[in-house]
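Letters A, B, ... are given to chains in the order of the sequence lines, protein chains preceding strands, and every chain is numbered from 1.
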Number of protein chains: 2
Amino acid sequence: MTLSEENYLKAIFNLEEQTHKGVPTNAIAEMMETKASSATDMVKRLSEKDLLKYKPYQGTRLTPKGKSHAVKVIRKHRLWETFLVENLDFTWDEVHEVAEQLEHIQSDKLIHQLDKFLGYPKTDPHGDPIPDEEGNIAKIEKKVLAELQQEDEGVCVGVDDSSSAFLKYLDKLDISLGNKIKVIEKEAFDNSMVIQVEENTISISSLASKNIYVRKTS
Amino acid sequence: MTLSEENYLKAIFNLEEQTHKGVPTNAIAEMMETKASSATDMVKRLSEKDLLKYKPYQGTRLTPKGKSHAVKVIRKHRLWETFLVENLDFTWDEVHEVAEQLEHIQSDKLIHQLDKFLGYPKTDPHGDPIPDEEGNIAKIEKKVLAELQQEDEGVCVGVDDSSSAFLKYLDKLDISLGNKIKVIEKEAFDNSMVIQVEENTISISSLASKNIYVRKTS
DNA sequence: CTTAATTTTTAGACAAAACTAAAAATTTGT
DNA sequence: ACAAATTTTTAGTTTTGTCTAAAAATTAAG
């Protein structure tokens with residue numbers, strides 16, 4: 001399994017997770033930042049290795065074999081991200097590109113021991129679940145921030161509205177993926193909230209809190 | 001800098017260290033377990049990138065630029081080996097092939113932080129010095145155990161033959177890095193030795209004692 | 001339902017890194 | 001010194017993964 005093949009597999013896995021439909025060639029090409037012709041070539045190759053099923057013009061779906069391999073790569077990626085943040089003082093926005101490299105290291109013992117070293121973490125620094133050795137991925141019930149009650153805590157795991165305006169607004173409030181969020185106060189009148197994001201205490205509108213996903217941690 | 005280029009650079013560096021002469025194409029090919037024609041091709045490419053000087057039939061020598069790059073790879077290799085043994089319970093003989101992969105990860109921050117995490121170790125698990133951030137490699141005055149005289153004492157700092165078979169043999173004798181070793185008796189007849197390793201007194205052959213490095217302490 | 005727009009595939013090329021087979025240069029033996 | 005052995009280089013192919021340009025299939029629009 002080459003590096004490139006693994007990256008395609010991972011991309012296709014993620015796309016299939018989102019739509020639960022056959023993944024169009026164009027979508028793969030876009031995710032891989034390459035051309036559709038290259039994606040076609042790769043899909044053919046992966047198909048010959050029984051890692052996915054593919055019919056021209058009908059999109060592709062991973063076979064169990066392909067899925068299992070993709071999940072292994074994701075497991076490695078998330079364990080490495082955890083190591084980088086927990087032990088090497090990386091911040092959430094720095095880990096990705098290094099983990100993209102580390103996820104391709106081949107050694108079962110390495111990843112088993114790393115998992116042990118980290119204390120068998122359930123989620124990575126972004127709140128995403130870390131698949132176990134058998135490839136099982138825990139479903140994390142992400143909720144919209146608006147649903148949390150006073151005193152509840154969670155980790156920011158994503159946004160619903162991903163418009164530039166909204167993301168810029170979040171940047172300004174210093175809310176980003178992986179941030180710990182605690183509900184200090186909930187205003188019944190207009191559903192606005194006072195929340196604590198890492199160190200800062202801020203107030204956000206109902207509209208905003210409906211567009212932020214969190215994984216509850218307490 | 002591709003993975004393959006880095007591996008050639010490292011191989012050439014090691015060969016040049018051994019002989020301090022221009023490295024023949026055949027020697028490179030042998031070390032890389034490839035054919036001479038492939039080595040010629042690569043040497044030409046590295047030469048165009050100013051990483052080495054090369055004149056047909058005269059052997060190659062790394063330029064300062066090439067040497068500096070090779071040393072960085074060696075630094076990464078040895079830091080990772082240290083991490084694997086110290087933190088992930090790898091044994092001497094298991095680290096090499098994983099470190100061969102990890103040494104190619106590109107991230108200055110990663111390696112700086114890893115060094116810090118490990119407490120700025122001076123040597124790797126085989127007793128070889130870890131180059132510092134500027135590329136300086138400490139000279140370690142290590143002797144082969146076979147050179148010690150009766151009553152001499154030393155600390156095990158490495159091995160010459162790092163084959164899995166030899167390392168396993170050492171494990172069985174409970175000889176490992178950092179162990180205190182004292183020469184109890186030297187047999188002139190076959191150059192075998194009776195030595196005391198920490199608590200245990202054992203006998204080892206001439207062949208074995210020639211492959212163990214020690215730092216003399218008395 | 002036929003034309004237009006879009007998506008996907010094919011065909012042909014290229015670069016990296018390897019190989020085989022053979023030619024050329026160098027070194028060695030007598 | 002000159003033939004033989006060795007080392008090194010060329011030349012031509014192969015594989016992986018990419019690209020561009022163009023053809024083919026599918027979908028959408030009037």
Side-chain angles (χ1 to χ4, degrees), chain A residues 1-13 15-16 18-19 21-62 66 69-70 73 97 100-101 103-106, chain B residues 1-13 15-16 18-19 21-62 66 69-70 73 97 100-101 103-106:
Chain A
M1 176 81 37
T2 70
L3 200 138
S4 198
E5 286 173 341
E6 272 192 359
N7 282 331
Y8 270 95
L9 229 43
K10 198 178 48 149
I12 295 166
F13 178 87
L15 290 165
E16 207 180 326
Q18 276 166 40
T19 62
K21 278 179 200 151
V23 182
T25 307
N26 254 3
I28 299 171
E30 199 183 339
M31 175 134 303
M32 292 299 295
E33 290 177 313
T34 183
K35 297 298 155 71
S37 53
S38 307
T40 300
D41 289 348
M42 182 56 88
V43 158
K44 277 186 193 163
R45 225 145 5 103
L46 293 173
S47 172
E48 268 163 28
K49 296 190 178 187
D50 268 321
L51 293 160
L52 52 80
K53 289 285 176 210
Y54 150 82
K55 293 220 172 164
Y57 295 95
Q58 315 234 129
T60 66
R61 315 207 63 156
L62 296 183
H69 200 106
V73 176
E97 69 170 328
E100 286 284 302
Q101 297 179 62
E103 74 190 4
H104 300 293
I105 304 290
Q106 311 289 154
Chain B
M1 176 79 37
T2 70
L3 201 137
S4 196
E5 287 173 341
E6 272 192 359
N7 282 330
Y8 270 95
L9 230 43
K10 200 178 47 148
I12 295 167
F13 178 86
L15 290 166
E16 207 180 324
Q18 276 166 40
T19 62
K21 281 182 198 148
V23 181
T25 307
N26 254 5
I28 299 171
E30 199 183 339
M31 175 134 300
M32 292 299 296
E33 291 177 314
T34 182
K35 295 299 154 71
S37 53
S38 306
T40 300
D41 289 348
M42 182 55 90
V43 158
K44 277 186 190 161
R45 228 156 350 116
L46 293 174
S47 172
E48 268 163 29
K49 295 190 179 186
D50 267 323
L51 293 160
L52 52 80
K53 289 287 176 210
Y54 150 81
K55 293 222 171 161
Y57 294 95
Q58 318 234 128
T60 66
R61 316 207 63 154
L62 296 184
H69 200 106
V73 176
E97 69 170 329
E100 286 284 302
Q101 297 179 61
E103 73 189 5
H104 300 293
I105 304 291
Q106 312 289 153

Practice task
Considering just the side-chain nitrogens and oxygens of A:Ser38, establish if one lies under 4.0 Å of OP1 or OP2 belonging to D:dG17.
Solution key: no
Practice task
Give a yes/no on whether any side-chain N or O of A:Thr34 is located under 4.0 angstrom from OP1 or OP2 of D:dG17.
Solution key: no
Handout entry: Gap between atoms CE and P, on B:Met1 and C:dA16 respectively (whole Å)
Key = 13 Å
Fill in the blank from the handout: Sorted by chain and number, sequence neighbours left out, salt bridge (charged side-chain N to carboxylate O under 4.0 Å, His left out) with B:Lys49 holds for B:Glu5
Handout entry: Nearest-angstrom distance from the residue atom CE of B:Met42 to P of C:dC19
Key = 11 Å
Practice task
Answer yes or no: does a side-chain N or O of B:Tyr8 lie under 4.0 Å from OP1 or OP2 of C:dA16?
Solution key: no
Practice task
Grab the NZ-C1' distance between B:Lys49 and C:dA15 for me, whole Å please.
Solution key: 11 Å
Handout entry: Atom-to-atom span, CE of A:Met32 to P of D:dT18 - whole angstrom
Key = 6 Å
Practice task
May I have the distance from A:Glu5 (atom CD) to D:dT15 (atom C1'), rounded to whole angstrom?
Solution key: 12 Å
Exercise for the section: Can you check each nucleotide of nucleotides 2-14 of chain D against protein heavy atoms at under 4.0 Å and return B for base, S for sugar-phosphate only, - for none, in 5' to 3' order? Expected result: -----BBBB----
Problem - Student check: side-chain heavy atoms of B:Thr25 and B:Met42 closer than 4.5 Å - result: no
Problem - Within-4.5 Å side-chain heavy-atom neighbours: B:Leu51 and B:Leu9 - result: yes
Practice task
Let me know which of B:Leu3, B:Val43, B:Thr34 forms a side chain to side chain contact (heavy atoms under 4.5 Å, CB included) with B:Tyr8.
Solution key: B:Thr34
Practice task
Test B:Lys10 against B:Glu100 for side chain to side chain contact (heavy atoms under 4.5 Å, CB included), laying out the working first.
Solution key: CA-CA 11 Å; B:Lys10 200 178 47 148; B:Glu100 286 284 302; 2.9 Å; yes
Completion exercise
Rounded to whole Å, CG of A:Leu3 lies from P of C:dA16 at a distance of 17 Å
Exercise for the section: For A:Glu6, enumerate each residue passing the salt bridge (charged side-chain N to carboxylate O under 4.0 Å, His left out) test, keeping only those at least two apart in sequence or located in another chain. Expected result: none
Handout entry: N or O in side chain of B:Lys35 less than 4.0 angstrom from C:dT20 OP1/OP2
Key = yes
